[in-house]
Amino acid sequence: MKIYLCDLFHNYLGVSTSMFPLNVGYIAAYAKKNFPEIEFEIFKYTNDFISRFKEEKPDVVGFSNYVWSSNLNNKISNWVKSNSFETKIVFGGPNIDYSAQAYESFFKTHPAVDFYILYQGEEAFLNLIKAEFKKENPINGVVFHDGKNVVLGEKLPRIKDLNSIPSPYLEGFLDKFFETNLIPIIETSRGCPYRCTYCCQGISSYNRIEFFDLERVKKEIDYIAKKVKNTNILNLADSNFGMLERDMEITKYFAEVTDKTGYPRKVSANWAKNQTKVFEISQKLKNLNLIISLQSLDETVLKNIKRTNISLPIFREILEKVEREGGMSGTEIILALPGETKQSHLETLRKLFDWNISYIICYNALILEGSELSSQRASGEFKCKTKFRLIDNSYGEYEGIKVFETEEGIRESSTISEEEILYFRPVHWLIQFLWNYRFYYDLLKYLRFLKINPLDYITKLIDEAEEKAPEKVKAIFKEFREEAKNEWFDSPENLFKYYSQPENFKWLKDGNYGKMNGKYIFKVLIEAKEDFEDYLLKIAQEFCPSEMEKEKVKSIVEFLSASIIDFRKGEDFIYPNSSKFNLYMPEEQKKSLQVLLKQYGHPNKNVTLRKMSELMNIKDFFFKIKNA
């Protein structure tokens, strides 16, 4: 038997921050251990899978199903069936609601799919193999449609001994992906103890956590550091890294390997929600970037989403420690969760600035299939209006078939209007630009020293742009507002129809669509940097009580402008663009930027810079100051 396992993604632009296909690697490694005679091949790139399928048709194709690949999986599975009807198709992953009605709907809209694996996949896939992929009886851990009815097997318990699953890295299943620009990802534990309604983890992990053996984790780190070629980043798949004492030992090992090999330069992790030790752990990683999610500070919202935040005094203590150590610390918040109002979101933002939280990541609430919030919406418990937008870098054309991935966002609820949600779009952008990404952070810090909340400065920049901004800046603000409104469609079908038009699809291919915060940050820096800085200075000086403060603000803006690496000059980015300040670039930083520029290279420089920024150390966008 030959089985192809696919964790497909869209790479139509040629740049991506996608990870190794660890998920289907686990499925292959576990199945191969129990059925050594079966041949497995793993695929990440869609065109690679298509080419291989044309060469040799397998008995079974499995697809990992996520929101960023769901339409791609559906289209490619239909293509597989049209070319090889006898090939069995298996889906698995969190992008499905867990109800009889949802299963019926799924198989109606996915006619090529034979089986769907629910929750954890390794044991359920074994059951499918044992059943010879036949629809004769219920299969535990699996749902299928027999042509008349949905047939649901019993829910499987989670695998308690994760070490019974062989390592896809150490078994060599993922070796070929070291030749690509994909980012390695490892998992030291599985599961999540929380049950936040907007997230899929609480339901799918049964609120439990299991662990891989420490020695195995260390061997995987060594293996990756030895094999890696095209990236300096490593991702952790854990939902709450830093929750356990053993996580400190893993962190120390990361630091040891980095000292020996130079890899990883950055470890990206989802940090534990309620643990003080995350500071010590992040400190050991040297690139001290620590995000502790809050999602909201409003008690009504937190109650509605069944979330308990970290103690706020402990939260502030941890982040203050990070700041004292010269790191970057912050939190994540989500707009338009159940019970959110315009005022409550403003108060959350204002408090975070008052607390000097130096990294405030703002998201719009989405409805994710497989989450409790999705079920609440379906049952009518949570009433809201939603729309759909294209997911960044999640589109393409394969075998003449255009495919677009959509995400469903909350655009209105009983407590917040669509107009109010749109109000926050440029606010969130400028928080990301001026504050989070550090481009003009010191300016906002100085205004804060003058007792001006950065939120007031940001809203003034937005409100007075039409009257006071230079023409280039005014045009960018106008374009931003228009795109923020027009990126949303009433239905996936309307979105598909719009982007399928040749001129609109070409616009996508040229890299003009992307996450708006990143896109417009680099649009300003590439197209209107000097004019934008003039406007920043003009509005900042209006807050200054004296000429002395105005001169200080002018000096700050002048220094910040010089310290930002000017990527418009190509490889000349390695030289400071002002002799007035004692700026330079360390060799390690130069090499890191060269790796990233190659990894995310694209004819459209905006694409390159915004994709780089998603996972790199943001401080690498700036020259360093030489010691006197």
Side-chain angles (χ1 to χ4, degrees), residues 279 288-292 294 297 312-313 315-331 333 345-362 426-465 468-469 521 524-525 529 532-564 578 580-583 618-619 621-628:
F279 167 72
L288 194 55
N289 302 319
L290 180 60
I291 304 298
I292 302 176
L294 293 175
L297 294 175
L312 293 181
F315 168 79
R316 294 179 65 182
E317 177 188 348
I318 293 172
L319 270 56
E320 285 168 4
K321 285 182 180 179
V322 174
E323 291 300 309
R324 286 198 298 270
E325 292 290 327
M328 293 173 63
S329 62
T331 190
I333 59 170
H345 193 70
L346 281 170
E347 288 175 3
T348 291
L349 292 174
R350 188 171 295 280
K351 282 182 184 178
L352 293 174
F353 278 121
D354 282 341
W355 295 346
N356 198 28
I357 305 306
S358 71
Y359 206 92
I360 306 168
I361 305 172
C362 308
V427 174
H428 290 171
W429 166 49
L430 290 180
I431 290 173
Q432 186 81 340
F433 188 1
L434 310 183
W435 188 257
N436 295 349
Y437 271 24
R438 296 304 194 258
F439 286 110
Y440 301 97
Y441 178 73
D442 290 341
L443 171 62
L444 271 64
K445 290 282 283 187
Y446 183 71
L447 292 175
R448 188 176 178 277
F449 170 76
L450 297 177
K451 309 301 182 185
I452 298 156
N453 190 294
L455 182 62
D456 294 324
Y457 175 63
I458 286 170
T459 54
K460 187 176 176 69
L461 284 171
I462 296 166
D463 294 342
E464 299 188 6
K468 298 179 179 179
I521 286 171
V524 167
L525 292 177
K529 180 173 180 287
F532 185 72
E533 289 168 351
D534 288 345
Y535 182 53
L536 291 179
L537 176 59
K538 182 176 185 177
I539 298 300
Q541 288 182 330
E542 291 182 9
F543 283 97
C544 294
S546 71
E547 289 301 317
M548 182 176 71
E549 276 79 21
K550 289 181 180 180
E551 283 302 310
K552 287 182 179 179
V553 165
K554 182 178 179 181
S555 296
I556 290 170
V557 172
E558 186 179 355
F559 168 74
L560 293 175
S561 179
S563 69
I564 297 169
S578 173
K580 182 176 180 180
F581 305 103
N582 200 16
L583 301 171
I618 290 300
K619 291 183 178 181
F621 274 124
F622 306 91
F623 293 112
K624 304 299 183 284
I625 304 173
K626 285 184 180 179
N627 294 324

Salt-bridge present (E464, K538; N to O < 4.0 Å):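 No, no charged N to carboxylate O under 4.0 Å.
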
Between K351 and E347 (salt bridge meaning N to carboxylate O under 4.0 Å), is one present in this structure?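 Salt bridge flag = no for E347 with K351.
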
Atom NZ of K554 with >12 non-hydrogen neighbours under 6.0 angstrom: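 Atom NZ in K554 is not packed in, count stays at 12 or less.
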
K552 NZ/CZ over F449 ring centroid, <6.0 Å and within 45° of normal: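 No, K552 does not lie over the aromatic ring of F449.
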
From CD1 (I431) to CD1 (I333), nearest 0.5 Å: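 Here the rounded value is 6.5 Å.
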
Return the NZ to CD1 distance between K468 and I539, rounded to the nearest 0.5 Å.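 K468 atom NZ to I539 atom CD1 measures 5.0 Å (nearest 0.5 Å).
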
Over all atoms of both residues, closest heavy-atom pair of R448 and D354: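 Smallest interatomic distance, heavy atoms only, reads NH2-O, 2.6 Å.
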
Which atoms form the tightest heavy-atom contact between W435 and Y441, and what is the distance?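 Result for this residue pair: O-CD1, 3.5 Å.
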
Classify the angle between the aromatic ring planes of H345 and H428 as parallel (below 30°), tilted (30 to 60°) or perpendicular (above 60°).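 H345 vs H428 ring planes: perpendicular.
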
Side chain proximity check, F559 to L443, heavy atoms < 4.5 angstrom: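 Sidechains of L443 and F559: no contact.
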
Whether the side chain of N582 engages the backbone of I625 through a donor-acceptor N/O pair (distance < 3.5 Å, no angle test) should be reported.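 Such a contact is absent between N582 side chain and I625 backbone.
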
State which residues pass ring pair (Phe, Tyr, Trp, His ring centres under 6.0 Å) with F622; sequence neighbours excluded, sorted by chain then number.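 With sequence neighbours excluded, F622 shows a ring pair (Phe, Tyr, Trp, His ring centres under 6.0 Å) to F439, given in chain and number order.
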
I would like to know whether F353 and Y457 meet ring-ring contact (aromatic ring centres under 6.0 Å, His included); could you show each step before the answer? CA-CA 12 Å; F353 278 121; Y457 175 63; over 10 Å; no

With sequence neighbours excluded, tell me which residues meet side chain to side chain donor-acceptor pair (under 3.5 Å) with D442.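 Per chain and number, D442 pairs via side chain to side chain donor-acceptor pair (under 3.5 Å) with no residue.
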
